[in-house]
Amino acid sequence: MTEYPHLLRPLDLGFTTLKNRVLMGSMHTNLEERGDWNRVAEFYATRARGDVGLMVTGGMAPNREGGVFPGAAGLFTPEDIANHRMVTDRVHDAGGKIAMQILHAGRYAYGPDCVAPSPVKSPISPFPPKELDEEGIEKQIADMATSAARAREAGYDGVEVMGSEGYFLNQFLVTHTNKRTDRWGGSYENRMRLPVEVMRRVRAAVGDDFIVIFRLSMIDLIPNGSTHEEVVQLAQEIEKAGASIINTGIGWHEARVPTIATSVPRRAFAWVTQKLMGKVGVPLITSNRINTPEVAEQVLAEGCADMVSLARPFLADPDFVAKAARGQGHLIAPCIACNQACLDHTFSGKVSSCLVNPKAAFETELVVEKAEAPRRIAVVGAGPAGLSSAITAAERGHDVTLFDKADQIGGQLNMAKQVPGKEEFHGLVDWFAAMVQEAGVTLQLGTEATPEALEGFDAVIVATGVLPRDPQIPGQDHPSVLGYVDVLRNGANVGKRVAVIGAGGIGFDVSEYLVTGDSPTENLPDWLREWGVTDPAEARAGLAPEGPKPDAAERDVILLQRKAERPGKRLGKTTGWIHRAALKMKNVEMRSGVNYERIDDEGLHISYGEARERPEVIAVDTVVLCAGQVSERSLADTLIAKGVETHVIGGADVAAELDAKRAIDQGTRLAASL
């Protein structure tokens, strides 16, 4: 008897059967553009071996003008087809099924040749699109149908037609971007003509015994987006045109509502898909922030959908389904929805990977194999760097002892998990604990790892982390002054009016902690109200007419930084706007170019610029120091001086903004090489 009967039940599509109800949703990894097709094949085959029911590739351009960026991958030549055949053969050899996503970016294409229904420039691209004429529209339809036929020739089991997230087909559907007055614009029947025709022509191009998924935007979250009635009408016409499955898309890329970041509640939009259940006869897939088998099973058991789509969780753990089926859910590496190594990399032109699992998309490069000569290895520091190195080294057969002077593992992750919106970090620490036990690491908590205690080990990995940097502000020993460790780790009392010094990641986290009462991430109705999301059957595109309505801030917070740049500029590429918007909704005041003159009974004395102009006293109850970190490497220096084989990783190596991504990657790669 399985714990997940709905999740693991096969899905019969008539001409083929999926082994379970799990779709690995489309993710652009930037691997295809690098031309290493063995690496692409191994990425997908690794996940096929983990027993996912069906995978969808990253978006493939149907033509040059439709590519997300110049040089985007697609099926344009016989050589392209042969390269993709390498991927599909490897997936099939692994027992998997794979569909290719056909993605036409429309006005989202980051290039001067982009095309769209109307010449309405996107706010996320500098290039105004060219309005298509009748001949140009026919070319786009024909190219998408050709792309589908070539996908079948390349051995794919199906295609997904991307019709959501504000891409090309979605742009024809709404008056926000479609200003046409011909047969492709005006009435909704006209505006939906293009996606329906594309679906019809794609089905004709591939035949009846081929999976065709349509990715349909269930809730646009933009002004003048689709109504729920229009979504239902489109879904029914897409079914008639030949879709095998309808997949859920949530929000346009330009929407000012977060949809997949860590602060979004789990399964936050499953209710939107459920509204379509029973109104079409083909299976429906729901998506977004479904990251554990328990959540997925519940979504299916409640009848929200026929299938679930998980994308980034398969970066975190390619064996997600296999582990669930074996009753090893506690060993599934959790996707914490941080975006740091996946989406941030994608939009920076880097290979997408995973903070939790740096092997993702590096399967052929970062190979963890049994050590030829097992060694006794000490790891000092049970933060993310130390944990990842200890677990990986133990998996390779080394005898590993992990020391930490704290009474629990996790290091600074234990501060991160206190921040509202970062509750996923609880699961990450729990997973590390399960993996330490599973790998057979000897754990020595509450233990100071002195040089004497480390004698007899063949090598020592020092992952002692960071210490708060001393900002050397006159009067910083005033009773009103606290450090971020006092606040996040020790739960120190903080007054009602607060100045936070330092507007990096920690400063933003501390500010969020100080202004938020009950975390809306833990309460979906509260979260929807905070971001102004409502039932799309009652308000067009799901945007509440009254707009966002966050709870009142718990404190008055002023966030300050020395750099004369926009606060939060260096936050994550795809999540920084969310953190800035969240604090702005709580009326957090942000200032930059600030000099900290002194702290006394009057408050925080500041000035501005190199000339130290406009002196001011900010009267506050509490000043919280978040002014950066320095490496804690005193143990490492001592060991190196004694001639001990010493490896320094994580914050002890480079002090940065609680950089778990770099720490885990560095720890894993070091342990794989020892």
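The structure presented is a predicted model; accordingly, all values stated were derived computationally and were not measured.
Taking each heavy atom of R662 and D653 in turn, the nearest pair found is NH1-OD2, 4.4 Å. For the residue pair W531 and A581, the shortest heavy atom distance occurs at CH2-CB, 4.0 Å.
Applying side-chain contact (heavy atoms from CB on, under 4.5 Å) to Q629 and the options I506, V654, L467 leaves one that passes, I506.
One finds a salt bridge joining E424 and R289 here, because a Lys/Arg side-chain nitrogen approaches an Asp/Glu carboxylate oxygen to under 4.0 Å. Using a cut-off of 4.0 Å between Lys/Arg side-chain N and Asp/Glu carboxylate O, D665 and K661 are scored as not salt-bridged.
Both tests do not hold together for R49 against Y44: distance to the six-membered ring centre under 6.0 Å, angle to the ring axis within 45°. In this structure, R47 forms a cation-pi arrangement with F43, its terminal cationic atom sitting closer than 6.0 Å to the ring centre and no more than 45° off the ring axis. Cation-pi check for R489 over Y484 is not met; the charged atom does not lie both under 6.0 angstrom from the ring centroid and within 45 degrees of its normal.
The number of heavy atoms from other shown groups lying within 6.0 Å of NZ (K573) does not exceed 12. Few gaps surround CG on N490; more than 12 heavy atoms of other groups in view lie less than 6.0 Å from it.
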Show, in sequence, the C-alpha distance, side-chain angles and deciding distance for E302 and R267, and conclude whether the salt bridge (Lys or Arg N to Asp or Glu O under 4.0 Å) test is met. CA-CA 12 Å; E302 291 175 3; R267 55 169 293 184; 2.8 Å; yes

Show your reasoning for whether side-chain hydrogen bond (donor to acceptor under 3.5 Å, both in side chains) applies to H330 and Q328. CA-CA 5 Å; H330 63 296; Q328 295 180 321; over 6 Å; no

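Looking only at distances, a side-chain donor or acceptor of N30 sits under 3.5 Å from a matching main-chain atom of K350.
Proximity of Q412 to V466: side-chain heavy atoms (C-beta onward) are separated by under 4.5 Å at one or more points. Contact check for V308 versus L310: side-chain heavy atoms found under the 4.5 Å cut-off. You'll find the side chain of V623 reaches within 4.5 Å of the side chain of L625, heavy atoms only.
E294 and Y4 are linked by a side-chain donor-acceptor pair at a separation below 3.5 angstrom, with hydrogens and angles left out of the test. At a cut-off of 3.5 Å, with distance as the only test, no side-chain donor of D404 or Q444 sits close to an acceptor on the other residue.
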